[in-house]
Structure formats: C-alpha cells, structure tokens
There are 2 protein chains.
Amino acid sequence: MATRRYEQRLRAQSAEQTRRRVLDAVYDQLPKIPSVDAVARQAGVARSTVYLVFGSRAGLFDALLHDVSERGGFADLVRAVQDPDPLTHLRGAVLASTRIYGGQRDVLVALRAEAASLEGALERTEQGRLGGLVHLANRLDENGLLAVEKDVAVDVLWTLTGFEAFDALHTGRGLPVDDVAARLLLTAERTLLRLPPP
Amino acid sequence: MATRRYEQRLRAQSAEQTRRRVLDAVYDQLPKIPSVDAVARQAGVARSTVYLVFGSRAGLFDALLHDVSERGGFADLVRAVQDPDPLTHLRGAVLASTRIYGGQRDVLVALRAEAASLEGALERTEQGRLGGLVHLANRLDENGLLAVEKDVAVDVLWTLTGFEAFDALHTGRGLPVDDVAARLLLTAERTLLRLPPP
DNA sequence: GCAGCGAAAGACAAGTTGTCTCGCGAAATG
DNA sequence: CATTTCGCGAGACAACTTGTCTTTCGCTGC
C-alpha cells in the first residue's frame, strides 16, 4: 500500500470551483434561507457533495460567514481606521461599516438567523470589531476629546456600530444607508465628544 | 338536529388551563427553542392538542408574543409615559423598557428567532413603541428641549429603546441591566437634549 | 340517560438534516 | 498507456419535524 505522490493541479482547482458554486447558490436564494437540498439543486451539484465539502449545514453557513468577511468593502474600513486624525477615524469607521452592512444586509440577516447553529462563530468574528473600538476609544481619550469614561465610550460605540443598530434604522425605520450613517454618527459624536458638532 | 343550548363553565375553564399549561411549557424550555412535540410532552398534553388550540407552531409563538405583551412590567412603562415632566418621561421610559427586556430576555430571543414564521406580528407589536416615541419626541420638542430635528429624535430613540440595543450591551458586552439602562439613557440625553447632563 | 365537546391517540404525508455505500470518469503518475 | 487516486453523482436510510385527519374516550351539562 505504498501510497504514491499525488500533486493536484486541475483537480484542486475544480474542487475550488464547486465550492464557490455552492456558496454562490446560497447568495442566489437570499433573502430566503434555503435548505441544503435547495442549495445543491441551485448549484447543479449533488446534495451529498455539499456535505462532502462543508461537512454540515452549519459548516456551510460558517464558510459563508468567512466568505462575507473576506469580501465587500472591508478595505475602506481598514483605510478609515488608519487615518491620523481620531475624528476622521470615527467618522470613516461609522460610514464604512454602515455601507458594508447595507451591501451585505441579506447575508447578514441569514447568518443571524443561523446563529444558533454556528456556536459563537459570529461572536468570534465580532471580537475584531470590539478590538477596533477599544483602539478608537483610546485614541479619542489620548487626544482629550472624550466627554465620557473610556469604558462607556466603548459600550456606546459597540451599540451604534453593530448590525442590529443599522438594521433598526434601515429596515425598521426605512432609512436609506447614508441617512442611517448620518444618524449613527450624530449620536456617537454628540454622546462621546467634548465639543460635539451643532 | 336541533342543537341545544350549551353554556360552558367548567369546560371552558379547563380549556383555558390547558392553554396556559402549553404556554408555560414553552417558557420552561427556554432558552432552547423547543419543537411542538417537546412542548406537548412538557405540558403533559397530546401534540394534536397543541395544534387544536393554537393551529400551528407559528400560532403557538404568536400566542406567546401576546402573552409576553400582557405580562411583565408594562405597568411601569405606562406609568412613566404619563409623567407630566418630559424629561422624567424619557428617563422612566428607558429604564422601564430596559427592565422589561432584562426580565423577558429569553422569550424575546426566542420570538426573534421565530420572527420569520410570524409574518410581521412582531413588527406590529413594535408599532406601539414607535407611537410612544413619536409622542415623547413631540413633548420634548414642545418644551424646547430638543437639540435636533424631531424626526432625528424619533430615529435615535427607536434605535436606543429597541431590544437589539439592549441585548448588544447586556449579552454582547456583559453589562447588568441597570448599567445598560444608564448607557442608553446617557446616549439619548446627550444626543437629543439641548442641555445634556455632564 | 343522552348529547356535546375538549382532549388523547395514532396513522399518515411531506420536508429536513445527516450518514453511508457504490460507482463513474477524469486527472495524476510511472 | 496502464494504473492509481479522488472529486463527485446517485441514491438508500434513519431520525426528526411540522401539519392534517380520523377515531375514540370521558366528563360536562341538559
């Protein structure tokens, strides 16, 4: 049974293609949350293949979560965070994250609905956001811009920059994405800053 | 086939009892979201009885929604809204609703998870909250207390008094209920009021 | 007693997730 | 070119769920 070397080129590449086709099939069926069978049919793939590639329904949505994290305007968010001016940092972070939520809204709703099966994978993703907010609060504090305790600032930013706050205004109140960003930014600035804009 | 009069006393009362037993069985199994079968077994009732009384799984959770609305500290909320001072009104409303969310957290999470089957029944319940917030914003405006547009005030209050904002701080950040209320109230006051507290 | 009705019991259909087996066919290797 | 390897389709099966319907039991109310 001396297993011989086996380097994949075309095969690995075609495997990656079916993986993508399945993920795209999930996007295609949003905002309805599809069954594994529906995803497989839409992707033109056997249902057993989905289980082969992703392990389970939860594994499929876990992969979807990572896919969302790697896509979409996260570049803008990273750029905003690197601005030397803390106020521009704040402004850019709220605007960029709101636009991400607006673009990915359906996927994020689906992932929230599947959250029970995801065993905290969603929360783990949010750890990064929390870290960024702590950093932001520190910078604002160092520059003497904060009108409240640093802990309080983190809590307020956590609430305002989450998907739930976005969706409350966007879906709940019917506001367009940029209006949502304006409301959230206004709230953050007037609550946190020593000299808020009028 | 002349159907004769039939006034129910004990029978209607026992029917009401099984209805309550079923609803209580749902509460018993929280925070896990139970199947109809599990609810029936916990209630000591046949599964078919659940369907007889509530029509469907969605009907069961719809009844649960109404049950939650009628229970819990909604009396405090109503009392707060009737205070002559708009600032006390604001303060009392945020505090009371936060405490309701804290007490009913598991049920509300379950209802949110079932929201897809509930066909907007949850949103209809939220209409009452929106109406109350519009009223509050009007009163603040009439007294010259608002530092922002009335529409903006409603949007901000909508975000801050929703269950999602509560849960972001309570579950997401691990804050006790009264600390959550403090953060939310601070944010509302500093954002909306012309002369916010320090 | 007798009729009405709440409720149990249980069969049945349909949809879902998850597991496993079998086998084809194309890519990789010597 | 022959052989190995492995991605993937096809399909059977088990287990669980929602939802519907029929039959039967037993207590209540006239």
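What you see is a predicted model; the values in this text were computed from it and never measured. Within every chain, numbering begins at 1; the chains are lettered A, B, ... in the order of the sequence lines, protein sequences first and strands thereafter.
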I want to verify a distance call: between C:dA9, D:dG9, C:dA7, whose nearest atom is closest to the A:T49 side chain? D:dG9

When we call it a touch if two heavy atoms are under 4.0 Å apart, what does B:G44 touch: a base, just sugar-phosphate, or nothing? sugar-phosphate

Whole-Å distance, B:L52 CG to D:dT24 P, equals 18 Å

Between B:L60 (CG) and D:dT17 (C1'), how many Å, whole number? 14 Å

What string of B, S and - do you get for nucleotides 12-17 of chain C 5' to 3' if you count protein non-hydrogen atoms under 4.0 Å? ----SB

Got a list of side-chain donor-acceptor pairs under 3.5 Å for residues 38-49 of chain A, not counting sequence neighbours?
| unit_1 | atom_1 | unit_2 | atom_2 | d |
| --- | --- | --- | --- | --- |
| A:R41 | NE | A:D37 | OD2 | 3.0 |
| A:R41 | NH2 | A:D37 | OD2 | 2.9 |
| A:Q42 | NE2 | A:D28 | OD2 | 3.2 |

In whole angstroms, how far is the C1' atom of C:dG18 from the CZ atom of A:F61? 16 Å

Quick test of your reading: applying salt bridge (Lys or Arg N to Asp or Glu O under 4.0 Å), list the pairs with at least one residue in residues 62-80 of chain B, sequence neighbours left out, ordered by first then second residue. B:R20-B:D67, B:D24-B:R71, B:D67-B:R71, B:D76-B:R79

Which residues pass the side-chain hydrogen bond (donor to acceptor under 3.5 Å, both in side chains) test with B:H89, not counting sequence neighbours? B:R139

Within the structure provided, determine whether A:L87 and A:N143 are in side-chain contact (heavy-atom separation under 4.5 Å). no

Round to the nearest Å and state the distance from B:Q17 atom CD to D:dC27 atom P. 16 Å

Could you list the donor-acceptor pairs under 3.5 angstrom formed between side-chain atoms of residues 171-183 of chain A and any protein atom two or more places apart in sequence or on another chain?
| unit_1 | atom_1 | unit_2 | atom_2 | d |
| --- | --- | --- | --- | --- |
| A:T171 | OG1 | A:R105 | NE | 3.2 |
| A:T171 | OG1 | A:R105 | NH2 | 3.1 |
| A:T171 | OG1 | A:D167 | OD1 | 2.8 |
| A:R173 | NH1 | B:D155 | OD1 | 2.9 |
| A:D178 | OD1 | A:R99 | NE | 3.3 |
| A:D178 | OD1 | A:R99 | NH2 | 3.4 |
| A:R183 | NE | B:D155 | OD2 | 2.8 |
| A:R183 | NH2 | B:D155 | OD2 | 3.3 |

Is there a side-chain contact between A:T18 and the phosphate of D:dC8, meaning an N or O under 4.0 Å from OP1 or OP2? yes

Any pair with a residue in residues 92-121 of chain B that passes ring-ring contact (aromatic ring centres under 6.0 Å, His included), sequence neighbours left out, goes on the list, sorted by first then second residue, please. B:Y101-B:F163, B:Y101-B:F166

Separation of B:R19 atom CZ from C:dA7 atom P, in whole Å? 11 Å

